[in-house]
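Take a look at the structure below.
All chains are named by letter (A, B, ...) in the order of the sequence lines, taking the proteins before the strands, and each is independently numbered beginning at 1.
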2 protein chains.
Amino acid sequence: MSRKPRLRSGTGVTMHDVGQAAGVSAITVSRALHSPDRVSPALREKILQVVEQLGYVPNRSARQLASARSHTVLVLIPSLSNTVFIDALAGIESVLQPAGYQMLIGNTHYSDSEELALLRAYLQHSPDGLLVTGLNQLPAFRQIVAQQALPAVYMMDLSQDDRPCVGFSQEAAGASMTGHLLARGKRRIAFLGAQLDERVIKRLHGYRSALQQAGCHDPALEWLNPSPSSMQMGADMLDALLAAHPDCDGIFCCNDDLAIGAIARCQQRGIALPEQLAIGGFNDLQAAAWTTPALSSIATPRFEIGAAAARMLLQQLRGETTAVQKLDLGFQLQVRAST
Amino acid sequence: MSRKPRLRSGTGVTMHDVGQAAGVSAITVSRALHSPDRVSPALREKILQVVEQLGYVPNRSARQLASARSHTVLVLIPSLSNTVFIDALAGIESVLQPAGYQMLIGNTHYSDSEELALLRAYLQHSPDGLLVTGLNQLPAFRQIVAQQALPAVYMMDLSQDDRPCVGFSQEAAGASMTGHLLARGKRRIAFLGAQLDERVIKRLHGYRSALQQAGCHDPALEWLNPSPSSMQMGADMLDALLAAHPDCDGIFCCNDDLAIGAIARCQQRGIALPEQLAIGGFNDLQAAAWTTPALSSIATPRFEIGAAAARMLLQQLRGETTAVQKLDLGFQLQVRAST
DNA sequence: TCCCAATTTGTTAGCGCTAACATGAAAAAT
DNA sequence: ATTTTTCATGTTAGCGCTAACAAATTGGGA
């Protein structure tokens, strides 16, 4: 039988080789590496030495195939270009990496159907768990998650049903900024929204209820644009808004990008902030503190949301918890010169 | 032998099951999915139908284990919070995803040793290729790459040696912005640098050589801080610089974050831009166009660098190319009101 | 007509690892 | 001293897939 040798990736050193060199069987090497307390200390020491010496690199595919556990978590976020999700990603990484889990990142581009397609595609990696942004997945998505009994944690918002989640109330946050503008004596407060994902819509609802409660809600002041947000769009929307409603005295921008563009345009147009017009943003990006005047915003615990969601998922994976967990990490109103 | 059934991930449908249902062997299913032209059209059609019907999901681990190809690329970037690398990542994704490759993202936190550790750790996934930021890896890193014959493409800069790369000359870009400030009549031009990674140092070199050529280089105007850059740092460094050198009439900030902070502080202090002080940034982030005054910067093709590097790597993987390739995608000076 | 090549499908074995069961040795309990 | 329990290690088989080889089928061309 003179078969051609197969291609080998990595160093080509296998667990069996390590075992032979250490005078034990492969399974003992496996145990020394992954469940150290099931091997005597002396032997473990020796095995680790041989591992080092031979430059052994475990083969994750083989491990995964044999154990039916991938030590992999699928993370679905709507965008890579939005700092908000990158911050959450960093939080997730800070928890999963030390725990020996690999994260697979799927960029849904804010699309339900792409989200579903990504889930399907990444199922090939048989992820042990799932971290998703938002709660509004397609029915087919939910069905797959349920059918495969895939442990999942939902990020950035709070669920009304039995899904575990980590986030804060987008509506309450929207109401909070609106309430702040009201407290500053503003009464003709507009809402500038872009992208119109579920979070923006919820902030809009918070804005609405706060204004309705104060008796000064005017639907004509809600300006919504489904395109991705940008500073340019903020500037453009400001111009359009003021052209239609010169009496507008306050603006709640659904995110800081819009707000920064709007502030810059006010600066160019010589509009006095906050006297003539107060502007509030959302997310409290780094740049919010460095506009002229500095931008009031809602600070959101993105990193911590990611980290907490990852921790919650790991608990589920380890079977440490039975109860469905929901974690409200809140938000904070950052008042600066723009209001 | 009544063994307990093993845990199964995924749907539990295997290639064998699909084969049975379609009346063929497993290998034919494999071929129908991965090398369609080796199966007759009619049969392929039937197999794909059964795949759909049974909800078959291929098991990537098994594929990888059997074929010694992982269809996975390791991407190492210094930071997740810097838009520059996220943009490159998006470019990489846009190429790898359609090609059926999975990207594993490693965040080196700007650390050589972490970079090495990540490479070692991710070797467990036996990646088919490697995309790395910069050229200054540790010797041990290079040794592993060489020893494993791991195809690699280096991003963001141009190599002097035989390593394939996609980027632009950081030095030339640094010289370009400095030359622009000189052309504006500035002579006391400072350099504000943070993080001090290899790219910042090269921009500094470009700055130096441009000033030396013009005969107005003053080492006392080079302000370097190894901490991560931020807008706050830009503001602080501006204050310190002007306190020490009130005659300074131009500043080249190694990135836009510093520049935005510096501009905001000038605004606060009533310093006239660009007459009294001209400020230039680097990378041309979105926010650069929206400061007051708008920030001049060096626009860099980050997305395209990532995409081109990924394409180059795929060529290597397919063995389509023998020659080492180097791709200079250049940069562009964006002149705005701040200079 | 037969033969050879090209094409299509199947058989066998094994990738590297770990679950489950088995065994042997040491420690604890009787 | 004997039995029971615990602990440490080994044996066997198989996870799901694909490389290599083998066989069967088809289509020309001499």
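- At whole-Å resolution of the value, CZ in B:Arg31 and C1' in D:dA19 are 10 Å apart.
- Across the protein-nucleic acid pair, B:Asp37 atom CG and C:dT9 atom P stand 12 Å apart, rounded to whole Å.
- For B:Ser30, a side-chain nitrogen or oxygen approaches OP1 or OP2 of D:dT18 to under 4.0 Å.
- Between the NE2 atom of B:His16 and the C1' atom of D:dC17 there is a distance of 13 Å, rounded to whole Å.
- Taking every side-chain heavy atom of A:Arg63 into account, C:dT18 is the closest of D:dT9, D:dA19, C:dT18.
- Closest contact between the side chain of B:Val24 and the listed nucleotides D:dC17, D:dT9, C:dG10 involves C:dG10.
- Rounded to whole Å, atom C1' of C:dC15 lies 13 Å from atom CG of A:Asp17.
- Looking at the side chain of B:Leu65, the nearest of the listed nucleotides D:dA19, C:dG16, D:dG10 is C:dG16.
- Distance from the side chain of B:Arg38 is smallest to C:dT8 among C:dT8, C:dG10, D:dT9.
- Taking the side chain of B:Ala66 as heavy atoms from C-beta on, and the options C:dT18, C:dC15, D:dG10, the nearest nucleotide is C:dC15.
- Between A:Ile27 atom CD1 and D:dC15 atom C1' the separation is 14 Å, expressed in whole Å.
- Checking the phosphate oxygens (OP1, OP2) of D:dC15, no side-chain nitrogen or oxygen of A:Ser67 falls inside 4.0 Å.
- Counting distance only, with no hydrogens placed and no angle test, the side-chain atoms of A:Arg60 and the base atoms of C:dG16 include no donor-acceptor pair under 3.5 Å.
- Among the nucleotides C:dC17, C:dT9, D:dC17, the one closest to the side chain of A:Met15 is C:dC17.
- A:His71 and A:Arg60 share no donor-acceptor pair across their side chains, judged by distance under 3.5 Å alone.
- Considering only side-chain atoms of B:Ala62, the nucleotide from D:dT9, D:dG16, C:dA19 that sits closest is D:dG16.
- For A:Leu43 and D:dC7, the CG to C1' distance is 13 Å, given to the nearest whole Å.
- Using bins of under 30°, 30° to 60° and over 60° for the plane-to-plane angle, the ring pair B:Tyr110/B:Phe85 lands in the perpendicular bin.
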Carefully, step by step, assess A:Gln64 and B:Ser61 under the rule side-chain hydrogen bond (donor to acceptor under 3.5 Å, both in side chains). CA-CA 7 Å; A:Gln64 185 166 335; B:Ser61 304; 2.8 Å; yes

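- Closest to the side chain of B:Ser40, from the set C:dT9, C:dG16, D:dG16, is C:dT9.
- Of all nucleotides listed (D:dG16, C:dC17, C:dT18), D:dG16 comes nearest to the side chain of B:Asn59.
- Of the N and O atoms on the side chains of B:Gln316 and B:Gln325, not one donor lies less than 3.5 Å from an acceptor on the other residue.
- Counting to the nearest Å, the P atom of C:dG16 and the CD atom of B:Gln124 are 15 Å from each other.
- Under the side chain to side chain contact (heavy atoms under 4.5 Å, CB included) rule, A:Val75 has a single partner from A:Leu104, A:Asn107, A:Leu89, A:Val132, which is A:Leu89.
- For B:Thr14, the listed nucleotide lying nearest its side chain is D:dG16; candidates were D:dC15, C:dT11, D:dG16.
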